[in-house]
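Since the structure is predicted, the reported quantities are computational estimates derived from the model, not experimental observations. All ligand and atom numbering here is 1-based and tracks the order in the structure.
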Amino acid sequence: MRAATIACALASATLSLCAEQQAPLVGSPQLDVPAWSDSSAPSYRAELLSLHKSLVATESISGTEHDVGEFLVRYLADRGYTTRRQPVTPYNNTPAAKDRFNVLAWRAGADHDPKVLLSSHIDVVPPHIPYAIDDGDVTKETMIRGRGSVDAKASVAAMVVALDELLNAGAVDGNKLMLLFVVGEEVGGDGMAHFSNAVADKALPYRFDSVIYGEPTENKLACGHKGGLFCDVTARGFGGHSGYPWLGKSANELMIRAFAKILDTDLGSSETYGNTTVNIGQFNGGVAGNVIPAEARVVMAARVAIGPEESGAWIVRDKIQAIFDEISAESFEFECSHGYGFVGCNCDVEGFDTIVVNYGTDIPNFKANHTRYLYGPGNILVAHGANENLTVADLETAVEGYQKLILHALKQ
Ligand SMILES: *[C@@H]1O[C@H](CO)[C@@H](O)[C@H](O)[C@H]1NC(C)=O
Ligand SMILES: *[C@@H]1O[C@H](CO)[C@@H](O)[C@H](O)[C@H]1NC(C)=O
Ligand SMILES: *[C@@H]1O[C@H](CO)[C@@H](O)[C@H](O)[C@H]1NC(C)=O
């Protein structure tokens with residue numbers, strides 16, 4: 001007997017769930033999880049943990065989302081959902097990448113006219129870290145580790161189970177709801193941008209009143225997140241012998257003086273979002289210790305604490321440009337690929353603690369007018385690290401949280 005079958009019996013889950021656990025699932029290589037004796041476990045625990053494990057165990061670093069997308073399509077189709085693959089162009093022309101696609105799904109009749117969208121992402125940051133779960137009896141405190149266990153496969157699994165439970169209980173109208181799981185969120189959001197364009201072009205005939213975005217917010221409802229500004233900087237001087245620095249022009253020195261000033265300057269702050277911060281993520285310059293460096297390059301990301309969403313980042317860019325001009329107008333090339341000001345979300349829902357977060361999401365990539373909710377299990381502070389983990393309780397609380405948000409959004 002498979003472990004999950006025992007777990008199912010012990011957790012006194014519904015008969016249909018038990019039957020599903022016993023029957024081989026056609027084309028759906030769902031993975032088993034350890035058993036538990038915890039009588040307070042929700043009936044969906046086996047389904048939730050198994051889905052979460054299957055998602056995390058399937059590698060899906062940005063660009064290579066094919067397999068996890070196929071898994072989700074089969075998983076949802078097995079449960080009676082209509083599914084669609086929306087192809088997205090290969091990321092960075094990665095030759096190894098198989099086809100990648102966004103997954104759209106709904107369980108509805110002919111009158112499918114979704115007003116509430118649940119969305120999260122299926123790509124993760126590198127490197128792949130295998131799935132692991134604490135040994136022994138599963139309790140609410142049991143810890144689950146692995147890449148994507150938090151960001152954002154925890155949101156994906158909890159959203160699917162939350163919706164499935166509501167539909168099975170007849171508590172919501174499937175015609176009003178849709179699931180969207182996108183690729184590429186961690187690398188600029190090409191998946192969501194593609195979906196957004198298709199909606200704007202009416203290639204996809206949807207007009208959502210609300211979108212519930214799944215990202216790690218510690219199961220608190222986010223009132224918004226900081227904006228971002230992403231730029232390359234090149235400083236050009238000219239080389240020479242290091243013994244005669246006044247005869248050359250050090251590109252590294254220009255860069256250091258400029259960024260010292262940038263780090264000490266108020267680039268824009270607000271009460272809710274705090275200060276705009278700058279990360280000098282990459283810094284390269286020069287060729288040897290005894291040569292005045294002729295060229296230096298920085299790749300930077302600013303986290304923008306001011307609005308508006310469309311142009312807040314350009315206000316920050318102009319302040320940084322002014323500092324480069326002041327140091328040496330002719331020496332700097334400053335190019336920002338994209339940016340946006342802070343992104344406000346609706347956090348006015350009863351029964352939730354609230355939070356403000358400093359990271360970016362796919363929200364600004366969906367260019368449509370709808371009420372936005374941002375919520376999900378797990379802590380961002382471990383999300384991209386080697387210690388990415390959450391507990392069974394985090395996942396189960398998220399199922400309840402998503403259900404409350406779905407019901408709230410449907411009433412608006
Ligand atoms: C924001 O920056 C100011 C200085 O410009 C500093 O005094 C303040 O502590 C900073 N606030 C936060 C939240 O870091
Ligand atoms: C967005 O929709 C709301 C409500 O439907 C409306 O009041 C508002 O003017 C719209 N905003 C834009 C920018 O279209
Ligand atoms: C698990 O994640 C929490 C944050 O939720 C973190 O504080 C803790 O250090 C992590 N533990 C391990 C063992 O990685």
Should the pair [X]-[Y] be classified as a salt bridge under the 4.0 Å nitrogen-to-oxygen rule?
X: Asp123; Y: Arg100; value: no
X: Arg145; Y: Asp134; value: yes
X: Glu309; Y: Arg372; value: yes

Ligand 3-proximal atoms of Asn387, by part, heavy-atom distance under 4.0 Å: both

Would you mind listing each N/O atom of ligand 2 next to any protein N/O under 3.5 Å, plus the distance?
residue: ligand 2; atom: 2 (O); partner: Asn369; partner atom: ND2; Å: 2.3
residue: ligand 2; atom: 11 (N); partner: Asn369; partner atom: ND2; Å: 2.8
residue: ligand 2; atom: 14 (O); partner: Asn369; partner atom: ND2; Å: 3.2

Provide the number and element of each atom of ligand 3 under 4.0 Å from a heavy atom of Asn389. 1 (C), 2 (O), 3 (C), 8 (C), 10 (C), 11 (N), 12 (C), 14 (O)

Would you please indicate if the ring centroids of Phe352 and Tyr375 are separated by under 6.0 Å? yes

Has ligand 1 got any nitrogen or oxygen that is less than 3.5 angstrom from a nitrogen or oxygen of Asn275? yes

Do you see a donor-acceptor pair shorter than 3.5 Å between the side chains of Glu350 and His408? no

Distance-only side-chain donor-acceptor flag, Lys153 / Ser60, under 3.5 Å: yes

d(His225 NE2, Asn358 CG) to nearest 0.5 Å is 10.5 Å

